[in-house]
Protein chains: 2
Amino acid sequence: MVTDKTTEKGSTRYHHGNLRPTLLSVARALLEEGGPQALSLREIGRRAGVSAPAAYHYFSSLDALAAALAEQGFAELSEEIDAALAGPRRHLLAGGIAYVAFARANPGLYRLMFGEGFQAYSKGNEAIGASRMRVYRQMKEDLEKRLAPEKVANAALFLWSLTHGLALLTIDGQIEPGVDPDARVAEVLKLAGLGLPAAK
Amino acid sequence: MVTDKTTEKGSTRYHHGNLRPTLLSVARALLEEGGPQALSLREIGRRAGVSAPAAYHYFSSLDALAAALAEQGFAELSEEIDAALAGPRRHLLAGGIAYVAFARANPGLYRLMFGEGFQAYSKGNEAIGASRMRVYRQMKEDLEKRLAPEKVANAALFLWSLTHGLALLTIDGQIEPGVDPDARVAEVLKLAGLGLPAAK
DNA sequence: TCATGATTTTAACAGTGTAAAGATTGGATC
DNA sequence: GATCCAATCTTTACACTGTTAAAATCATGA
């Protein structure tokens with residue numbers, strides 16, 4: 001069979017396309033369409049115009065492919081946080097806003113990175129566990145500049161919990177429609193610095 | 001075939017056991033062993049000593065069975081929070097501690113209740129969406145007694161995010177081993193009332 | 001006693017991840 | 001330029017899954 005294989009760029013290809021990136025990009029689209037549950041090697045192959053076992057030349061399993069996606073996500077998230085922290089606005093708040101904005105822009109990917117499947121595909125993949133810790137470190141380092149040492153651990157867990165929880169609830173549609181999500185997120189995150197408002 | 005079917009109680013059974021509760025309890029065990037991903041109708045049937053399609057007389061699908069488990073979970077969680085709020089300790093803090101303790105005691109169930117599969121099995125099941133909201137209401141009602149009306153919405157989202165995030169991070173093993181989880185949770189939740197510690 | 005209705009089983013279908021084997025091809029070597 | 005090689009992809013097959021349709025079984029009311 002000598003059918004033409006046209007890649008996304010429209011050019012007719014030799015053996016077959018540059019598959020690995022194609023697989024990842026197709027998988028990512030699938031991920032955002034239907035969440036981590038929708039990730040399927042056969043569907044990925046189908047959309048890439050390739051037979052399902054073809055993916056096994058680049059990934060040892062579906063979980064391995066998912067892990068690669070997650071690593072991609074951690075790299076991007078880390079970058080966005082760095083950019084926000086380098087920006088003109090208040091450090092921790094800007095970082096938190098960027099964190100939640102990333103989750104909102106990539107809900108499927110965020111669920112993959114922090115979801116239930118995490119233990120499964122991170123088995124034997126130490127890199128991705130480390131990636132996950134890196135974003136935590138970013139928060140923590142900022143806190144270390146501003147707090148007494150014995151208070152850092154609790155404050156870091158506090159901030160990470162708040163941000164992570166807010167990201168997930170946002171993704172799950174718990175922010176009322178009609179309000180600007182960034183503004184709402186900022187308001188909520190500000191409470192972290194101020195504590196609960198005073199009693200009436 | 002006239003084989004004896006012995007239930008968990010050890011008694012020999014007529015037609016076959018009281019299946020629905022057995023299915024639920026077996027499924028719940030499976031859930032805590034391997035997380036929501038491990039839920040499998042065939043495995044549930046196997047452990048219940050019954051053929052897989054038997055479950056279809058009580059649940060229209062695997063998702064429906066998962067929804068029933070989730071509802072069970074919401075009822076229990078709600079009860080534990082009520083009990084904590086009625087107790088002698090500080091209201092919101094005690095509620096938060098009970099919330100996280102529930103997640104720690106039932107990690108698989110908690111992931112099912114708030115995890116990625118949620119949208120899937122809550123389709124056409126309005127009851128469980130409502131159940132999910134009920135725990136939010138509990139927090140919110142308590143806040144309404146203590147805050148000016150315009151501050152309630154943000155404060156509620158703030159507290160829910162923090163508690164939900166802390167529960168998930170705890171489940172994911174982000175609390176250092178060796179410390180008492182309840183104590184650690186209490187310390188972190190206290191920061192919600194106090195704000196971040198003052199700069200050094 | 002016996003028919004009825006509820007319960008469970010067997011058989012089958014379409015879908016999945018994955019392993020093993022064979023086919024195809026692009027590029028290096030003569 | 002022809003030829004071999006190693007990388008890449010396909011075909012085939014297996015075990016597993018959720019789910020449906022049909023048949024078998026049993027508990028109980030008439």
Side-chain angles (χ1 to χ4, degrees), chain A residues 1-8 11-24 26-27 30-31 33-69 112 116-117 120-121 123-125, chain B residues 1-7 11-24 26-27 30-31 33-69 112 117 120-121 123-125:
Chain A
M1 199 161 42
V2 199
T3 60
D4 305 59
K5 297 243 176 181
T6 54
T7 70
E8 304 156 323
S11 60
T12 301
R13 279 298 183 185
Y14 41 101
H15 199 173
H16 299 90
N18 57 335
L19 197 52
R20 209 191 117 108
T22 302
L23 290 174
L24 284 173
V26 160
L30 205 56
L31 182 61
E33 282 178 35
Q37 311 266 21
L39 275 187
S40 148
L41 260 185
R42 291 190 116 109
E43 178 64 18
I44 290 169
R46 223 169 279 141
R47 295 196 182 191
V50 115
S51 207
Y56 283 85
H57 255 265
Y58 302 97
F59 306 98
S60 65
S61 69
L62 176 60
D63 281 346
L65 197 157
L69 281 179
L112 183 70
E116 55 200 56
Y121 57 75
K123 280 279 191 303
N125 189 336
Chain B
M1 198 161 43
V2 201
T3 60
D4 305 60
K5 298 243 174 181
T6 54
T7 71
S11 60
T12 300
R13 278 299 182 186
Y14 42 103
H15 199 175
H16 299 92
N18 57 335
L19 199 50
R20 208 192 117 108
T22 302
L23 289 176
L24 283 174
V26 160
L30 205 56
L31 183 61
E33 283 177 34
Q37 310 267 21
L39 276 187
S40 147
L41 260 185
R42 290 191 117 109
E43 178 65 19
I44 291 170
R46 225 168 277 141
R47 295 197 182 190
V50 114
S51 207
Y56 283 84
H57 253 264
Y58 303 98
F59 306 99
S60 64
S61 69
L62 176 59
D63 280 347
L65 197 156
L69 281 179
L112 182 70
Y121 58 75
K123 280 281 191 302
N125 190 335

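Every chain is numbered from 1 and lettered A, B, ... according to where its sequence line falls, protein lines coming before strand lines. These values consider heavy atoms only, across backbone and side chains, with no hydrogens, waters or symmetry-generated copies. Please read all numbers here as calculations on a predicted model, not as lab measurements.
- The CG atom of Leu23(A) sits 13 Å away from the P atom of dG17(C) (whole-angstrom rounding).
- Comparing Pro53(A) and Ala55(B) against DNA chain C, the residue whose closest nucleotide sits nearer the 5' end is Ala55(B).
- In this entry the distance linking CG of Leu41(B) with C1' of dT16(C) reads 16 Å, nearest Å.
- Considering only side-chain N and O atoms, Ser61(B) lies nowhere under 4.0 angstrom from the phosphate OP1 or OP2 of dG18(D).
- Sorted pairs that involve residues 49-61 of chain A and meet salt bridge (Lys or Arg N to Asp or Glu O under 4.0 Å), not counting sequence neighbours, are lacking altogether.
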Hey, what are the protein-to-nucleotides 13-15 of chain C N/O distances that come in under 3.5 Å?
none

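- Using a 4.5 Å heavy-atom cutoff, the side chains of Leu39(B) and Leu69(B) are in contact.
- Here the C1' atom of nucleotide dT24(C) and the CG atom of Leu19(A) are 15 Å apart, to the nearest Å.
- Rounded to whole Å, the distance from CZ on Phe59(B) to P on dT20(D) is 16 Å.
- Every residue meeting the side chain to side chain contact (heavy atoms under 4.5 Å, CB included) condition with Arg47(B), not counting sequence neighbours, appears here in chain and number order: Val26(B), Leu30(B), Glu33(B), Glu43(B).
- Closest of all the heavy-atom pairs between Ile44(B) and Ala27(B) is CD1-CB, 3.7 Å.
- Rounded to an integer number of Å, the gap from His57(B) NE2 to dT10(C) P is 15 Å.
- Applying the side chain to side chain contact (heavy atoms under 4.5 Å, CB included) rule to Ser61(A) yields the partners Asp63(A), Ala64(A); only residues at least two apart in sequence or on another chain are considered.
- Residues passing the side chain to side chain contact (heavy atoms under 4.5 Å, CB included) test with Ala68(B) are Leu24(B), Phe59(B), sequence neighbours excluded.
- For DNA chain D, the stems formed by at least three consecutive Watson-Crick or G-U pairs, with both atom-pair distances below 3.5 Å, span C:1-30 with D:1-30.
- Considering only residues two or more places apart in sequence or on other chains, Ala54(B) meets the side chain to side chain contact (heavy atoms under 4.5 Å, CB included) condition with Leu19(B), Val50(B).
- A heavy-atom distance below 4.5 Å is found between the side chains of Gln37(B) and Gln37(A).
- With distances taken from any side-chain atom of Leu62(B) to the nucleotides dT19(D), dT18(C), dT10(D), the minimum falls on dT19(D).
- Applying the salt bridge (Lys or Arg N to Asp or Glu O under 4.0 Å) rule to pairs touching residues 48-59 of chain A yields nothing, sequence neighbours excluded.
- In this structure, Ile44(A) atom CD1 and dT16(C) atom C1' are separated by 12 Å, rounded to whole Å.
- Separating the CZ atom of Arg20(B) from the C1' atom of dT8(C) is a distance of 17 Å, rounded to the nearest angstrom.
- When distances run from any side-chain atom of Ser51(B) to the nucleotides dT11(D), dT9(C), dT18(C), the shortest one goes to dT9(C).
- Protein atom OH of Tyr56(B) is 14 Å distant from nucleotide atom C1' of dA12(C), rounded to whole Å.
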